[in-house]
Every structure is written in structure tokens, then in C-alpha cells.
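Structure, as C-alpha cells:
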Amino acid sequence: MRTRIADCLTKVAPGTIVDVRGWVRTRRESKQEFAFIELNDGSSFHSLQVVADKSIPDYETLIKLVQTGASVAVVGELKESPAKGQKVELHAQSLKVLGQADAAKYPLQKKGHSFEFLREKAHLRPRTNTFGAMARVRNAICHAIHCYFQQRGFLYVHAPIISTSDCEGAGHMFQVTTLDLAKLAQLQQSKGTGASPSGAPTASMEIDYTKDFFGKKAGLTVSGQLEAEIFACSVGDCYTFGPTFRAENSNTTRHLAEFWMIEPEMPFYELEDNMALAEDFVRTVIKEVMAKCPDDLQFFNDRIEPTLLASLENISGNDFIKLTYTEAVDILLKSGQTFEYPVAWGKDLQSEHERFLTEQHFKQPVILTDYPREIKSFYMRANDDGKTVRAMDVLVPRIGEIIGGSQREERHDVLIQRMQECGLDPADYWWYLELREYGTVPHSGFGLGLERTVQLITGMQNIRDCIPFPRTPKSADF
RNA sequence: UCCCCGAUAGCUCAACCGGUAGAGCGCCGGACUGUUAAUCCGUAGGUUCUUGGUUCGAAUCCAAGUCGGGGAGCCA
């Protein structure tokens, strides 16, 4: 029966015979016929030091095969280690090489690698310290998120991945179709209409979507919010947690074409309740991950981001700053800072403005509320001043926006008016409007980007290193 | 999509004014060692991203493209 290395290092009593399996990180060989093998199975940040000597059957042959990247099974006695660096070590009685790894070809060396290089080795990078730690922290974050909502009676609702409402408004959609595009292009060409000289279809080409799989144009979801509202207005507090897709040509350290989003939606919540939940949620998740993954976070603090632990303590231990967009604009105008983009009421805040607020002025997470209605979505509840809506953005140092949310417009007539203002056809949102027609209630919700949370908690700079297999423009391997 | 930068050994990078390619690490071999990113000595390892251009001569200059990085926008 296999024992996990995490258990060997923490739970198993010295003197116990254990069977351990994993991948070789390094081997330090002595000519005096023994060797140290650094073995990692992913269960812990730390590896287990295996001491192997010539008492092992076939030692001379086997030890040559124990190279970085090889998989091995070791049975032996767990003993207290006489040397520094580890409390316990495994004295091998038998050694079996399960799978060799040619050291001349194995891409992962004993030295550090650039993240750019490791992204090209996404099938092997979880075997590194950094990406093993990222995987465990990411898992702990997801677990903490589910626990947080489950303990508070929220229902986990599965929003659809495929959506035919072309108008969710949160970004450009990836199209989902079973139409034969090559055949359509060919048809178009043979008709001699609507094709450019290169043969590429042009805008004049009209597709008959009634022939498509769903009978209408379909795409991958950009948000589960509208569907979550349906359940909030029926079964009560709920949340979605699933993949989200944006076909934007975004090339930044904080955007992915495929990412995971958590979207809680609560009936009878006004904006203040929404803010309180968002803050408590973020702070609680950080605390739980700090408690669950101390070794991994210590590594990130030591090797990736030296201010990480201090900033997590700061975020989890202090109230978020809450202020309105208008107050934020005042602070920015009076700051004396010269910004590349000028600050003016009515314009959306730029990254540099948000960073100034969170990193220099307050040095803490900030919740901004009540943005100008012109720069926010139709579904956000209009304030009585006629100028602003009940929006909220949670901004954190280093990352920027980690949560976007709002109180939703629950008044039927106002919602229709807002749709028209935003150039949307209310007919497309008939079911969304019916929620306001039949038993409407005040309600609120927000969206938390999972990968941005991973960025925040690990200190990793690039969001492409916060998801196992990142999808970005021109990149969707593995 | 826009702006800037980059692409040279397995990896990280160097190569001055255009003159025929170099280091560290890794691998391999040796020495040494309760070692732990071990250390020391040595060997091997190159279509300088692609295509075209300028030139007696291009890693180096020019153009286009591809990919990568940083910033911006879009946002989570």
C-alpha cells in the first residue's frame, strides 16, 4: 500500500516501513556506493530524501537509471535524518524504476527555468516546485470557495456553457457551430458572391443559422450571471463556479480566453450587503488557504514575491476601504500625481488610477461603488441621482480588479429604459425581463475571477501561470 | 487591436563600428563528498526564428512574416 510523501513527512512515525512512489527530482551519488534520491509525488511541496546503498538488490544497475524525471517505487524504513535539511528520510530496502527518463533529453533540469519556457512544457511543468505549489494552492482556493458558500446555505448552480443569448454584453463570444465552414466557404465561392479574392468569406455572406445545431447562433458563455439571477429569484442565495470564455484579443498578464469565474447571486441583497459579502468572502478564502498551504505560500514568498505573506496578512486582517467612484475621482484629482491618462468624472478609471489607489494611496484593497451609468452595464440598478448606478469593483494591489458586481435593476420599466439607452433590444431579454414582471425582488451579485485570485494568493505575475493549461490568443496547446 | 522590446548550444544569456560563434548552468566522463540548486577537472554540443534584400562578406543593417515578453484597451 502506497504512502503519500506528505504523510511520510508529517504523520508517519519513524521506524515504519513504507512504500513510496514518485518522480525523481535529483540524485546525488557517492562513489562510496550509496546515493541520495530526492523524491516528489506532488502531495507536498517538500520532497522525501531517499538513502539508497549497495545493500539494495542490483544497486549498481538500478542507481544509474534513477535520473531526474524518472518514476520510482521505494520500500524502506522511515528514519530520523542525521543531517540538516529534513527531519526524516527513507532508507531504501528495495528500489524499482517504474519509468526511466533520459537525462540528456528530459527538459526539466535541476536548475530554475523561465516561466516562458515552462509554458511550452505544460505537460511537465506541474512537476516543478512552482507549478506543483500553484496546483495545490489553486485547489485549496477552490475548496475554500465551495466551503464558504456551502456553509452559508448557498446553492451551487450550474450555468450553461453554451449560450444562445448573443447579448450578455460582457465580451466577444466564441462561436459554437456544427456547420461545415469549409463547405460554406466553397459554396460561397462557387456562387461568386461575397467572397474576397483570397477566398475568405466576407461580411456580406449570410449564414442560415436555422440549419445550425441549435437552430440559432450559439456561443460559449461569457458569464453565468443572468442564469444565476433566475435561481437567486427562486431558490435563494446561489453561486455558479465554472469556465467562462471571452474571445477578446487580450494580451496581458491578467487576461485569459478561458478562465474560471465564481458568480454568487443573492435575493434581497442591496449593494451594501453585496459589498460586505464580497469582502468577507475574499478575506475568508485567503485565511483558509494560508492555513492549509503554509509550505507552498512560504515558497512563493521566498522565491516569487517577497511581499506576498505580508500582503495576504494585510488583506485578510483589515477592512477594505469603501468609497464611491466620485470620491475616488476627487482623491485622484487632488493627488498631485501626473497620470498618463487624465482623470475626469464620467470617464472610466484606468489601470494606473486603480493602482494608485490600492498600491500608493490606501495600500489596501478598495471597493469602489456608484459608477457613472454611461460606463456600466444595463443591468446595474440606477441611482436616484440619475447619473450613477449601484456598481461595485473590488480592487486589490498588484492585480487590480478581482471582483466586479452590482445591485441588479429590479424595476421593470427602468430596466427597459436602460436597455434602450445601451442600444439593446428588450425582446432579446424577454425572460430576463419576466423576472421583473413576476414577483421581482431587489437582488445583487458579483463575479470573482479564479485565476486572478490565484495570482493574488501566489504572487505569480502572469495569469498564464495560474491555470494548468492557459488559453490565450494564438495559444491553446495541450 | 495599439505602443515598446526580444528570438544565438538542452536552458539562461554574451558576441564592440558588418569580418566566419562564446560563457555559465545542464548532459556525458573523471575526482571528491551524509549529500541536499553540492563542489572541482575535462569532453561533446550551433541551419544564430523564417523568407527576401543590401554587401566582397550578415548573428549583426533593411523589409515582411511568425512566435514570445512588457505596457495599454476590453474585463474577471
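Computed from a prediction, not measured in an experiment: that's the story for all the values here. Side-chain atoms are counted along with the backbone in the values below, which use heavy atoms only and exclude waters and symmetry mates. First the proteins, then the strands, lettered A, B, ... as listed; each starts at 1.
Taking the ring centre of A:Tyr148 as origin, the terminal cationic atom of A:Arg152 falls inside the region bounded by 6.0 Å and 45° from the ring axis.
Summary of the strand contacts: A:Thr472 and A:Ile463 both lie near RNA chain B, and taking for each the nucleotide with the nearest heavy atom, the more 5' one is attributed to A:Thr472. When each of A:Glu116 and A:Leu349 is assigned the nucleotide of RNA chain B with its nearest heavy atom, A:Glu116 is the one assigned upstream, toward the 5' end.
Environment of CZ in A:Arg355: sparse, with no more than 12 heavy atoms of neighbouring residues, nucleotides or ligands closer than 6.0 Å.
Across all strands shown, A:Gln86 has heavy atoms under 4.0 Å from base atoms, whether or not it also approaches the sugar-phosphate.
If you measure from atom CD1 of A:Ile262 to atom C1' of B:A76, you get 9 Å, rounded to the nearest angstrom. The nearest whole Å value for the distance from the CD atom in A:Gln49 to the C1' atom in B:A37 is 14 Å.
Under 3.5 Å, the side chain of A:Gln461 and the base of B:G69 form no donor-acceptor pair of N or O atoms. No hydrogens or angles were tested; on distance alone, a donor-acceptor pair under 3.5 Å links the side chain of A:Gln109 to the base of B:G10.
With centres under 5.5 Å and a plane angle under 30°, the ring of A:Phe259 is stacked against the base of B:A76.
Taking 4.0 angstrom as the limit, A:Asn462 places a side-chain polar atom (N or O) nearer than this to OP1 or OP2 of B:G70.
B:C17 adopts a syn glycosidic conformation, its chi angle falling within 90° of 0.
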